[in-house]
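Single-structure report; data block below.
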Amino acid sequence: MIRVENVSKTFVLYQQNGVRLPVLQNASLEVNSGECVVLHGHSGSGKSTLLRSLYANYLPDEGHIHVRHGDEWVDLVQAPARKVRDVRRTTIGWVSQFLRVIPRVPALEVVMQPLLDLGVPRDICATKAASLLTRLNVPEHLWHLAPSTFSGGEQQRVNIARGFIVDYPILLLDEPTASLDATNSAAVIDLIEEAKARGAAIVGIFHDDAVRERVADRLHPMGITA
Ligand SMILES: Nc1ncnc2c1ncn2[C@@H]1O[C@H](COP(=O)(O)OP(=O)(O)OP(=O)(O)O)[C@@H](O)[C@H]1O
């Protein structure tokens, strides 16, 4: 589902005497359907940089990031913005610990939006959103309120529900369990295992050793030669 080939990325800090930080050098990685690969390396080894490149948030200087998008392969390094938007809408889901709060939009709507955008009927979207919020222990009296006033952990769980509402073929997980308690971490682990079982290809960053042990089929070592 994902084929990363010889990706290199150097950050150039123009405001700081043009200092160059080579973060990825010839990074290569393949991820199959139903597999969860966890990026593993010390702080600063480029895990977030690679994950963001897989979502086309960062543009590598060299190399290719091929993703399976329906019947075609798309190279995210070369793809025009319109194609990237398309890939994000149907193929790649991004789940992080941070919710981008949209003022006045209630939590249930925030969660169902990506599925509504695919043309799925509203009642089906609402049912799935309610089920995810329940599994993630977001109390029902909050569903019709905008998440701007929610606690950090509540916002995090709304964001995770939103990330899992579409059955994306590829999921990128950026520390989705950071700062969740054991019960809620377990709920997220269950969602990840279900996504693997339906064939999703998953790449993630998990700093919690126990969570990493549970979900990883394989660790991908990061570092200057990763
Ligand atoms: N947008 C950016 N501009 C400049 N430098 C950056 C940028 N993003 C990352 N870096 C640098 O790239 C290096 C790798 O950062 P990255 O966030 O990918 O590491 P990481 O392995 O995810 O670290 P952590 O485990 O601490 O989150 C760091 O030295 C960081 O300062």
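Counting begins at 1 with the first residue of the sequence. Predicted, not measured: the structure shown is a model, and the values here were computed from it.
For the pair V203/V38, no side-chain contact is recorded, criterion being any heavy-atom separation below 4.5 Å from C-beta on. Residues V12 and V19 have side chains not in contact (no heavy-atom distance under 4.5 Å, counting atoms from C-beta outward). Between D208 and R212, the closest side-chain pair of non-hydrogen atoms is not below 4.5 Å. Taking 4.5 Å as the limit, every side-chain heavy atom of T177 sits out of range of all side-chain heavy atoms of E175. At a threshold of 4.5 Å between non-hydrogen side-chain atoms, the residues P147 and E154 do not count as touching. In this structure, the side chains of V84 and V87 stay at 4.5 Å or more apart for every pair of heavy atoms. The side-chain heavy atoms of Y55 and L76, taken from C-beta on, include no pair separated by under 4.5 Å. Put simply, the side chain of I2 does not reach to within 4.5 Å of the side chain of H66, judged on heavy atoms.
One side chain, D75 or H64, offers a donor N or O that lies under 3.5 Å from an acceptor on the other. Checking N159 against Q155 by side-chain atom types alone, no donor-acceptor pair falls below 3.5 Å.
In this structure, the side chain of W143 engages the main chain of V138 through a donor-acceptor pair within 3.5 Å. Put simply, the side chain of Q156 gets close to the backbone of A178: a donor and an acceptor are under 3.5 Å apart. Under the 3.5 Å distance criterion, the side-chain polar atoms of R52 are left unmatched by any main-chain donor or acceptor of N57. Side-chain atoms of S28 come within 3.5 Å of backbone atoms of N6 as a donor-acceptor pair (strictly under, hydrogens ignored). Under a 3.5 Å cut-off, the side chain of T91 and the backbone N or O of R88 do not form any donor-acceptor pair. With hydrogens and angles disregarded, a donor-acceptor distance shorter than 3.5 Å links the side chain of S185 to the backbone of D181. In this structure a side-chain-to-backbone donor-acceptor pair under 3.5 Å is present from R157 to N137. Here the side chain of R68 pairs a donor or acceptor atom with the backbone of D71 at under 3.5 angstrom. In terms of modelled atom types and a separation under 3.5 Å, the side chain of E109 and the main chain of P106 share no donor-acceptor contact.
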| Going through the checks in order, is the side-chain contact (heavy atoms from CB on, under 4.5 Å) test met by N26 and S8? | CA-CA 5 Å; N26 293 317; S8 298; 4.0 Å; yes
| field | Residues T90, L118; criterion side-chain contact (heavy atoms from CB on, under 4.5 Å); working and verdict | value | CA-CA 8 Å; T90 58; L118 294 179; 3.7 Å; yes
| task | With side-chain contact (heavy atoms from CB on, under 4.5 Å) as the test, would you mind laying out the steps for R82 and D86 before giving the verdict? | result | CA-CA 6 Å; R82 189 168 25 85; D86 220 33; over 6 Å; no
| field | Stepwise side-chain contact (heavy atoms from CB on, under 4.5 Å) check, I205 with H40 | value | CA-CA 7 Å; I205 301 172; H40 191 53; over 6 Å; no
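Here the CZ-CG distance, from F164 to L132, works out to 9.0 Å after rounding to the nearest 0.5 Å. Between atom CD of residue E213 and atom CD1 of residue I189 there is a gap of 11.0 Å, rounded to the nearest 0.5 Å. The distance from atom OG of S96 to atom CG of L172, rounded to the nearest 0.5 Å, is 11.0 Å. The OG atom of S48 sits 9.0 Å away from atom CE of M222, with the distance rounded to the nearest 0.5 Å. Rounded to the nearest 0.5 Å, atoms CE (M1) and CD1 (I170) are 4.5 Å apart. For the atom pair CG of L39 and OG of S45, the computed distance is 8.5 Å after rounding to the nearest 0.5 Å.
Salt bridge annotation for R89-D117: absent, with no cationic side-chain nitrogen under 4.0 angstrom from a carboxylate oxygen. Looking at R218 and E30, no side-chain N of the basic residue comes within less than 4.0 Å of a carboxylate O on the acidic one, giving no salt bridge. The pair E62-K9 does not count as a salt bridge, with every side-chain nitrogen at least 4.0 angstrom from each carboxylate oxygen. Ion pairing of K128 with D123 is absent here, as no side-chain N (NZ or NE/NH1/NH2) approaches a carboxylate O to less than 4.0 Å. Under 4.0 Å is where a charged nitrogen must lie from a carboxylate oxygen, and between D174 and K47 no such pair does. Using a 4.0 Å cut-off between a side-chain N of Lys or Arg and a carboxylate O of Asp or Glu, R135 and E194 qualify as a salt bridge.
Pairing each heavy atom of A201 with each of N32, the nearest pair is CB-O, 3.4 Å. Smallest separation of non-hydrogen atoms from L51 and W94: O-CZ3, 3.6 Å. Shortest non-hydrogen contact noted between I202 and A195 is CD1-CB, 4.1 Å. The two residues A200 and Y168 have their closest heavy-atom pair at CB-O, 3.8 Å. The minimum heavy-atom distance linking V77 with I65 is given by the pair CG2-N, 3.7 Å. Contact between A161 and L136 at its shortest, heavy atoms only, is N-CD1, 3.7 Å.
In terms of hydrophobic clustering, with Ile, Leu, Val, Met, Phe, Trp and Tyr side chains grouped at heavy-atom distances under 4.5 Å, Y14 and L21 are assigned to different clusters. Note on F11 and L54: same hydrophobic cluster, where clusters join Ile, Leu, Val, Met, Phe, Trp and Tyr whose side-chain heavy atoms are under 4.5 Å apart, directly or indirectly. In the hydrophobic clustering of ILVMFWY residues, with side-chain heavy atoms under 4.5 Å counting as a link, V7 and L59 come out together. In this structure, W73 is not a member of the same hydrophobic cluster as L29, with clusters built from ILVMFWY side-chain heavy atoms closer than 4.5 Å.
Within a 6.0 Å sphere centred on CD of E72, heavy atoms belonging to other residues, nucleotides or ligands number more than 12. Within a 6.0 Å radius of CZ in R104, no more than 12 heavy atoms belonging to other residues, nucleotides or ligands are found. Within 6.0 Å of atom CZ in R3, more than 12 heavy atoms from other residues, nucleotides or ligands are found, so the atom counts as buried in its surroundings.
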